[in-house]
Amino acid sequence: MAQASVIEVTDEIRNGRGRLAVTVVLGHAIKHIYNSGLRSVLLTAIKDDTGITAAQYGLLSTSGQVTSGATTMVAGYLGDRFANRSGIMLMVSLGMMGISYFLLGIAPNYWLMLAAMLLVGIGPSLYHSPAIASLSRKFPDKRSYAISWHGTGGSVGEFVGPILTGALISGTYLVAFEWRDALQISAGPALLFALLIYLMMRGIPTASVETESLRDYFSKLFALLRRRGMQMLVITTALRSMGQGAMMAFLPVYLREDQGISFVVIGLFLSSIQFVGIFAQPLMGYLADRLGHKAVLVPATAALGLLMIALKFAPTDDPLSFNLVLLEIAVPGILFGIIALAMGAFLYALHAIYIGAAMDVAEGEAQSTVVSLIYGASLLGAFSPFIAGVIVDFGSNSDAFVYGGIAVLLAAALLALTRLPRVMRG
């Protein structure tokens, strides 16, 4: 195991880092309100309305992940090349997201929707590299903890998005919108928040400015990939992404088609899963800084894989029903709900810990590039929803849970065999 090193924090690093954290977390929450609403409700509504097959549905989800993974690598270079212009990159990210959602809403057929989904993957993927790298530079003494708060913003968005979107298209309290209308009107708020985030980022001094040529960027990239720890983190991240992507793509489909649950209740159910992650992420980040990343990653990844598989076999003949204002809420089963809630503690919290571990393996070098490597690793699992869709077409929707769980368990097993450095913080 690598020898532990000690982190020191200067006044230059401390200057403005509180405002930076608030801005990055807010922007991440907005991004995930859009992403979660699309994945959990709107794509399911598209499948329900158009009658496409499970494989076609999976390909829609896959297409966005392909461009997301590819764009993430570009964002890594831009984040390191223009570290002092992170605010502009975050504004472009949120603005492109709103425009691509509008184009998806006006696409007249499946193939144009598939093309629009390729654009949907670009905007959000520009956000993570400059945002997380900025946090890493400003919080070297609390790296995993700070990155976990970035993830917490994402969990807040994942909590709000399905509820907001489900209520919007179901007309529970307001006039119901079609899924096309919901996508089209979402462009306005996205552009407004893009401008707000840019204004909030202005005047925050950067902890370091890493200007480098494209040749230097690729040199650092290949140097990072030659490190054994980085190789294993990329592989295990890809496997975890495969499993999680398959499960999250078909969980709302399972609730809709197998259990007959309405869109608004699907949104509430999926939001409740993310609610647990809001509190779990800072705790896991704190533990990772104190105990080491591996001590947190291995058991948590294994637990996530087992919980995914357990969803397949959880009984659904004991539905839990209750009234919430004007809604009759019903979940498939008490045990099913408990398993899903427990799973929510790890879904997004783990990603921040993987990034923190990769930052330590890189020893503080090319931090935007490191973020891009971990996010770009999802490109290796981009076709997972499509693979799961093929499996579902020959079986059932819940078979996607087993496929996903096996992939995540394999990631945990490989991670257990990986040596990661320890860094003393505090």
To the nearest 0.5 angstrom, please state how far the [atom1] atom of [X] sits from the [atom2] atom of [Y].
X      : Y      : atom1 : atom2 : answer
Ser186 : Tyr34  : OG    : OH    : 5.0 Å
Ile122 : Thr67  : CD1   : OG1   : 5.5 Å
Leu311 : Leu335 : CG    : CG    : 9.0 Å
Ile339 : Met343 : CD1   : CE    : 9.0 Å
Ile30  : Leu90  : CD1   : CG    : 12.5 Å
Leu420 : Leu233 : CG    : CG    : 5.5 Å

So do [Y] and [X] actually touch side chain to side chain, heavy atoms under 4.5 Å?
X      : Y      : result
Pro124 : Asn35  : yes
Val408 : Leu239 : no
Thr301 : Tyr354 : yes
Asp48  : Arg256 : yes
Ile334 : Ile338 : yes
Phe346 : Ile353 : no
Ser61  : Met248 : no
Phe336 : Leu255 : yes

Exercise. Would Thr237 and Val234 satisfy side-chain contact (heavy atoms from CB on, under 4.5 Å), going step by step from the backbone distance to the final call?
Worked result: CA-CA 5 Å; Thr237 297; Val234 168; 5.8 Å; no
For this session: Give the intermediate values and the outcome of side-chain contact (heavy atoms from CB on, under 4.5 Å) for residues Thr50 and Tyr110.
Result: CA-CA 9 Å; Thr50 60; Tyr110 175 79; over 6 Å; no
Check whether [X] reaches the backbone of [Y] with its side chain - one donor and one acceptor, N or O, closer than 3.5 Å.
X      : Y      : result
Thr236 : Leu415 : no
Asp393 : Ala55  : yes
Arg19  : Met200 : yes
Lys47  : Val253 : no
Arg180 : Ala107 : yes
Gln184 : Phe102 : no

Who are the side-chain hydrogen bond (donor to acceptor under 3.5 Å, both in side chains) partners of [X], not counting sequence neighbours?
X      : value
Thr418 : none
Asn397 : Glu257, Asp258
Ser384 : Tyr403

If you compare all heavy atoms of [X] against all heavy atoms of [Y], which two are closest, and at what distance to 0.1 Å?
X      : Y      : answer
Pro252 : Ile266 : O-CD1, 3.8 Å
Pro385 : Ala249 : CB-CB, 4.3 Å
Ala388 : Ala246 : CB-CB, 3.8 Å
Leu118 : Ser63  : CD2-O, 3.4 Å
Leu126 : Met89  : O-CE, 4.3 Å
Ala357 : Leu297 : CB-CD1, 4.2 Å

Problem set entry | Qualifying residue for side chain to side chain contact (heavy atoms under 4.5 Å, CB included) with Leu38, from Leu104, Thr44, Thr165 |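 The option that passes is Leu104.
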For this session: Report the relative orientation of the aromatic rings in His28 and Tyr127; use parallel for angles under 30°, tilted for 30 to 60°, perpendicular for over 60°.
Result: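 Rings of His28 and Tyr127: parallel, under 30°.
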Problem set entry | Side-chain donor-acceptor contact under 3.5 Å, Tyr254 with Gln259 |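 Yes, because at least one side-chain N or O of Tyr254 sits under 3.5 Å from a partner of the opposite role on Gln259.
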Exercise. Please walk me through it: do Leu347 and Met247 pass side-chain contact (heavy atoms from CB on, under 4.5 Å)?
Worked result: CA-CA 10 Å; Leu347 282 174; Met247 189 276 299; 3.7 Å; yes
Problem set entry | Test applied, ring pair (Phe, Tyr, Trp, His ring centres under 6.0 Å); reference residue, Phe250; option that passes from Phe386, Phe401, Tyr57 |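 Result: among Phe386, Phe401, Tyr57, Tyr57 is the only option passing the ring pair (Phe, Tyr, Trp, His ring centres under 6.0 Å) with Phe250.
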Exercise. Please walk me through it: do Leu59 and Met117 pass side-chain contact (heavy atoms from CB on, under 4.5 Å)?
Worked result: CA-CA 10 Å; Leu59 189 58; Met117 280 298 294; over 6 Å; no
Problem set entry | Check ion pair Lys31-Glu158 (N to O, under 4.0 angstrom) |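 Not counted as a salt bridge, because no side-chain N and carboxylate O are separated by less than 4.0 Å.
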